[in-house]
Amino acid sequence: MAVTGVSIFPASLSPVIRRDFTPLVGKFSKSKHSISFRRLAVSTEQTPTPTPTTTATPTPTQTTTTRRLSEKSEELGEAEVAASVDEVEQNGRVWREYFERSKELISRSDGGPPRWFTPLECGPPLKNSPLLLFLPGILSVGLGLIKNHCRIGKIFETWCLHIPVMDRTPFTDLVKQVEKTIRLENNRSPNRPIYLVGESFGGCLALAVAASNPDIDLVLILANPTTSISRSQLQPLMTLLEFIPNQLPFSPPNMLSLMTGQPLRMAIESVVKGLPLQETVGQLSQDLDAISSYLSVLADILPRETLHWKLQMLKSGSAVSNSRLHAVKAQTLILSSGRDQLLPSQEEGERLCHVLPKCEIRKFNNSGHFLLLEDGIDFVTIIKGASFYRRGKYLDYVSDYMLPTPTEFKKAAEDNKIMGAVPVSASNLFKLLSSKSHVLLYPGGVREATHRKGEEYKLMWPEQSEFVRMAARFGAKIIPFGAVGEDDISELVFDYDDQMKIPFLKDQIEKLTNAAVNLRTDATGEVANQDLHFPGILPKFPGRFYYYFGKPIETEGLKQELKDRDKAHELYLQVKSEVGRCLAYLKEKRENDPYRNLLSRLIYQATHSFTSEIPTFKL
């Protein structure tokens with residue numbers, strides 16, 4: 001889209017930003033080589049390739065899009081109440097499915113060795129999709145990505161590591177087993193990357209494997225790795241287990257409360273936010289009943305002797321991986337939780353980012369240790385947003401690009417409401433200016449942003465000139481601006497007119513539009529066409545964006561004069577003309593910009609420094 005609009009500033013202020021389960025049904029089938037139940041395919045041999053199973057039809061896990069509520073909100077509407085209750089319900093459904101399938105998995109596994117399995121809902125992936133190896137945490141079941149299986153299976157060939165409850169394979173041997181797998185797969189497909197997704201303890205395993213295989217194209221995604229176990233709250237538990245007699249029963253219920261997102265804390269916060277107490281307590285009691293019923297499952301996953309072994313594994317895994325960090329050359333993305341009660345994960349994430357050469361971090365301030373099982377956490381969206389998905393040796397901005405899903409599009413729109421976007425109306429403009437707020441106005445709205453082919457820099461403003469008269473009423477400055485560059489990064493090939501000719505897409509556009517918040521409630525003419533859709537584009541070799549702010553237009557002292565609608569409309573056309581002049585100026589200047597092409601900018605930074613500012617044209 002062509003970014004065009006005006007900034008309206010009160011005369012007395014400087015520019016600032018305004019911030020105001022369904023149960024799964026399947027058949028059990030058992031053969032010599034594989035066990036399938038519900039939606040799992042489990043290899044019982046020590047082969048590196050999971051046995052494919054197609055005896056069950058995958059049913060996508062029910063998901064719910066939720067809205068994060070502002071901690072500073074004073075009032076909540078019905079939508080926010082429903083979203084908060086929905087968040088608690090969804091979190092409970094994920095954990096119920098996790099424990100039900102874990103119970104089935106451990107009841108049909110033996111004492112070892114560890115083996116790979118592929119969940120049946122994972123696949124088939126896109127052609128030439130990379131391999132994803134999921135390395136589990138302390139529970140070692142291998143279902144840590146359960147809520148993301150369907151989406152992951154579309155873009156990855158997915159294998160999950162299952163370590164049986166009574167297995168006692170040392171850490172170094174686990175490293176060797178994963179190494180054997182990645183070497184075989186790398187020989188089979190040397191041009192595709194291999195993703196190691198390590199959750200908790202699996203993060204240490206991924207780091208140790210990467211350190212020993214610097215020549216293999218690995219991508220590490222580590223969720224709260226246990227490299228900081230020496231500073232963990234599990235340390236007292238490790239010491240306590242040394243002294244508890246073997247004859248005494250032992251169960252780790254506290255760990256369950258840490259895993260399940262602290263339902264009591266969630267309830268307390270809901271009451272503080274003003275949610276109905278009856279609904280909150282009712283849902284909480286259901287969750288606690290479900291949690292208590294899974295204590296026996298957790299005890300089966302982590303009997304006393306297995307828990308003791310796992311804790312020792314955490315210590316050895318942390319020691320080995322920390323000693324080899326200097327040898328890790330792989331591209332790494334660390335996911336760190338701010339409310340991890342087991343580990344100082346955000347602090348550790350920062351430390352690893354400074355040690356590892358190609359490392360980025362994403363922080364989730366309100367999440368706990370078992371990040372990937374939490375509601376609102378979409379693994380695929382995270383790696384897309386971090387530009388960490390590729391199918392070859394290097395990221396290809398054209399072939400590796402994936403269109404946003406309707407859920408991702410909706411969340412992006414919701415986030416923009418969060419940032420202070422309001423419906424365009426005279427009353428809202430009056431409220432903003434009367435409170436001495438700075439207003440960023442896009443007169444063309446959705447229609448201009450999602451333009452048709454051939455309309456790249458066409459201004460589609462409403463006929464009314466109300467914002468000019470409102471600006472004059474408060475003596476605000478109007479600053480026209482424009483930006484060009486959209487046509488240097490993509491080409492529009494499938495626009496709104498093309499999509500409305502296809503019945504299925506027409507229905508989808510209507511549903512998406514009806515579900516969205518209407519930001520132009522009183523517009524008429526072409527700008528009133530706010531139908532939301534995903535334009536079909538082909539990415540180009542990236543060019544450059546150019547921004548230009550025009551000459552400020554003063555309205556102070558024009559309040560009486562601009563009561564005349566003809567004179568107000570004349571000033572309105574002047575503002576629109578100035579925006580058009582900004583666009584024309586930028587389009588002309590970029591033609592002679594030697595750094596318009598990405599390659600020329602990379603060469604400049606390579607010969608100067610990668611932090612140097614690339615020159616632009618003179619004004």
Looking just at side-chain N and O atoms, do T158 and H149 make a donor-acceptor pair shorter than 3.5 Å? no
Taking NZ, NE, NH1 and NH2 as the nitrogens, is one of them in E157 or R188 under 4.0 Å from a carboxylate oxygen of the other? no
Between R544 (side chain only) and P542 (backbone N and O only), is there a donor and an acceptor less than 3.5 Å apart? no
What is the minimum heavy-atom distance between L599 and F541, and which atoms define it? N-CE2, 3.9 Å
Looking just at side-chain N and O atoms, do Q346 and N365 make a donor-acceptor pair shorter than 3.5 Å? yes
If we ignore hydrogens and angles and just use 3.5 Å, is the side chain of S140 paired with the main-chain N or O of P136 as donor and acceptor? no
Has R390 got a side-chain atom pairing as donor or acceptor with K393's backbone, closer than 3.5 angstrom? yes
Is it true that a side-chain atom of S337 and a backbone atom of G368 form a donor plus acceptor pair closer than 3.5 Å? yes
Check whether K540 reaches the backbone of D487 with its side chain - one donor and one acceptor, N or O, closer than 3.5 Å. yes
Donor-acceptor pair, distance only, cut-off 3.5 Å: does the side chain of D507 make one with the backbone of F504? no
Is it true that E100 and R96 make a salt bridge, defined as a side-chain N closer than 4.0 Å to a carboxylate O? no
W116 and W159 aromatic ring geometry - parallel, tilted or perpendicular at 30°/60° bounds: tilted
Can you tell me how the ring of Y195 sits relative to the ring of F156, calling it parallel under 30°, perpendicular over 60° and tilted otherwise? perpendicular
Electrostatic pair E348:R351 at N-O distance under 4.0 angstrom: yes
Validation row: S212, K176 side chains within 4.5 angstrom (heavy atoms): no
Check: I182 main-chain N/O paired with N186 side-chain donor or acceptor under 3.5 Å: no
Side-chain donor or acceptor of D340 paired with backbone N/O of S345 under 3.5 Å: no
Would E347 and S228 count as having a side-chain donor-acceptor pair, cut-off 3.5 Å? no
Tell me whether R192 contacts the main-chain N or O of S129 through its side chain, where contact means a donor paired with an acceptor under 3.5 Å. yes
Give a yes or no answer on whether the side chain of Q499 reaches the backbone of F534 with a donor-acceptor pair at less than 3.5 Å. yes
